Colleague: 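If you scroll down you'll find the structure; I have some questions about it.
These numbers come from a predicted model, not from an experiment.
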Amino acid sequence: MENSLSRETYKFTHQRTPLYGFLVMVCLMLYSSVPAYKINPFLITQGFGAIQWCAIIMVAVSADFISMEYRNNTMITLLFRSNNPLTIYLAKLITLVVYGIALLVAGFVCSLVLMLFLGNNYSWSDSFHGYSLITALGYNFLGAFIYLMFTISLSLLLVILLKSNSIVIIIGLAVDFLGANFSGLLMNILPKQLWAWNPLNMINIIVQLSNQSTIKITHLSNFELILGNGCYTLLFIILGLWAFKNYQK
């Protein structure tokens, strides 16, 4: 496992995509916060857009990391040299999770810096849905981490099945931009008690932890939303491992 993790880390850190991910996130945060009159408590507690952008960036980075092996025809060689596909899959997963954490940390730090220079009309102690702005920011980044696990595991599964990063990115964008609205639309038609557990509803965790009124939209408590994200993440990991082990078949 240690050798697989070292190998995957080496390959990942020698790609340009992870660096581009950091740069794109910073640029998009600046775009979201300029001009300064656009800044409001919601934008601040969403890390000046970092939370949403991190999820989208991770879709692209995860898809490219795996599809690179297929494009270069190195996946078969990688599996042939290893007698345990599980360690390869887990090494790739861990590498992406570590990068996702680093991306969120960078987004959190950038949020503090932007607040320092652009948030003159607000203070971290200001109230937002019963929490201080800094507390709400922390809760939302926690939600972003939980949803990031969902995003990474789903992206890995899709790219292993489809072997195309462009298709996976399109699906990821559709889920991140339209998933919550589509889920809410269907809950107006289908039984809420059942449909509330659909995977498209899971993205709402990035706002609900700091805004309890969102429960009226998700129809799930904070614990249920965390549980749902965890269960889907585990399911995607298991399915992804199955697909990865059967790659040569």
Colleague: Kindly give the heavy-atom pair with the smallest separation between I206 and I51, and that separation in Å.
Modeller: CB-CG2, 3.8 Å
Colleague: Where do A243 and I160 come nearest, in terms of heavy atoms and distance?
Modeller: CB-CG2, 3.6 Å
Colleague: Dump the intermediate steps for ring-ring contact (aromatic ring centres under 6.0 Å, His included) on Y122 and F128, then the final yes or no.
Modeller: CA-CA 11 Å; Y122 298 96; F128 180 78; over 10 Å; no
Colleague: Treat each ILVMFWY residue as a node, draw an edge where side-chain heavy atoms are under 4.5 Å apart, and state whether M149 and I101 are in one component.
Modeller: yes
Colleague: Has the side chain of N201 got a donor or acceptor atom that lies under 3.5 Å from a matching backbone atom of T218?
Modeller: yes
Colleague: Between L148 and A55, which heavy-atom pair has the shortest distance, and what is it?
Modeller: CD1-CA, 4.0 Å
Colleague: Side-chain contact, heavy-atom cut-off 4.5 Å: V207 with F42?
Modeller: yes
Colleague: When rounded to the nearest 0.5 angstrom, what is the spacing between CG in L96 and OG1 in T151?
Modeller: 11.5 Å
Colleague: Between S132 and T135, do the side chains contain a donor N or O and an acceptor N or O under 3.5 Å apart?
Modeller: yes
Colleague: Using every non-hydrogen atom in the two residues, find where M29 and C110 come nearest and quote the distance to one decimal.
Modeller: CE-CB, 3.6 Å
Colleague: Establish, from distance only, whether the side-chain atoms of D64 and T17 form a donor-acceptor pair under 3.5 Å.
Modeller: yes
Colleague: Could you pull out the closest heavy-atom pair between M58 and G100, with the gap in Å?
Modeller: SD-CA, 3.7 Å
Colleague: Applying side-chain contact (heavy atoms from CB on, under 4.5 Å), run through N222 and Q212 and close with a yes or a no.
Modeller: CA-CA 8 Å; N222 289 349; Q212 298 305 302; 3.1 Å; yes
Colleague: Test Y131 against N211 for side-chain contact (heavy atoms from CB on, under 4.5 Å), laying out the working first.
Modeller: CA-CA 9 Å; Y131 300 101; N211 184 359; over 6 Å; no
Colleague: Could you grab the distance from atom OH of Y139 to atom CG of L209, nearest 0.5 Å is fine?
Modeller: 8.5 Å
Colleague: Is there a path of hydrophobic side-chain contacts, each under 4.5 Å between heavy atoms of I/L/V/M/F/W/Y residues, joining V105 to L28?
Modeller: yes
Colleague: Does the pair L86 and F244 meet the rule for a side-chain contact (heavy atoms from CB on, under 4.5 Å), with working shown?
Modeller: CA-CA 8 Å; L86 173 62; F244 193 69; over 6 Å; no
Colleague: Hey, could you give me the OG1/CG distance between T233 and L154, rounded to the nearest 0.5 Å?
Modeller: 9.0 Å
Colleague: Do the side chains of F65 and V159 get nearer than 4.5 Å, heavy atoms only?
Modeller: no
Colleague: Side-chain contact, heavy-atom cut-off 4.5 Å: S111 with F141?
Modeller: yes
Colleague: For S123 versus L133, what's the shortest heavy-atom pair and its separation?
Modeller: O-CD1, 3.2 Å
Colleague: To the nearest 0.5 Å, how far apart are CG in L114 and CG in L43?
Modeller: 9.0 Å
Colleague: Could you walk me through whether L220 and M202 pass the side-chain contact (heavy atoms from CB on, under 4.5 Å) check?
Modeller: CA-CA 10 Å; L220 294 175; M202 298 300 111; 3.9 Å; yes
Colleague: Hydrophobic clusters here meaning ILVMFWY residues chained together by side-chain heavy-atom distances under 4.5 Å, can you tell me if W53 and L30 are in one?
Modeller: yes
Colleague: Check whether any side-chain heavy atom of H129 sits under 4.5 Å from a side-chain heavy atom of S210, and report yes or no.
Modeller: no
Colleague: When you group the ILVMFWY residues by side-chain heavy-atom contacts below 4.5 Å and let the links chain together, are Y20 and V59 in the same group?
Modeller: no
Colleague: State the CG-CD1 distance between N140 and I205, to the nearest 0.5 angstrom.
Modeller: 10.0 Å
Colleague: Taking CZ in F12 as the centre, count heavy atoms belonging to other residues, nucleotides or ligands within less than 6.0 Å. Is the count above 12?
Modeller: yes
Colleague: With a 4.5 Å heavy-atom cut-off, do Y232 and S153 have their side chains touching?
Modeller: no
Colleague: Is the F145-F108 ring centre distance short of 6.0 angstrom?
Modeller: no
Colleague: Is there a path of hydrophobic side-chain contacts, each under 4.5 Å between heavy atoms, that joins I215 and L227?
Modeller: no
Colleague: Do L137 and Q46 come within less than 4.5 Å of each other through their side chains, counting heavy atoms only?
Modeller: no
Colleague: Using 30° and 60° as the class limits, which term best fits the ring planes of F150 and Y147: parallel, tilted or perpendicular?
Modeller: parallel
Colleague: Does some side-chain heavy atom of F236 sit less than 4.5 Å from a side-chain heavy atom of L156?
Modeller: no
Colleague: Between CD1 of I237 and OH of Y89, what distance do you get to the nearest 0.5 Å?
Modeller: 6.0 Å
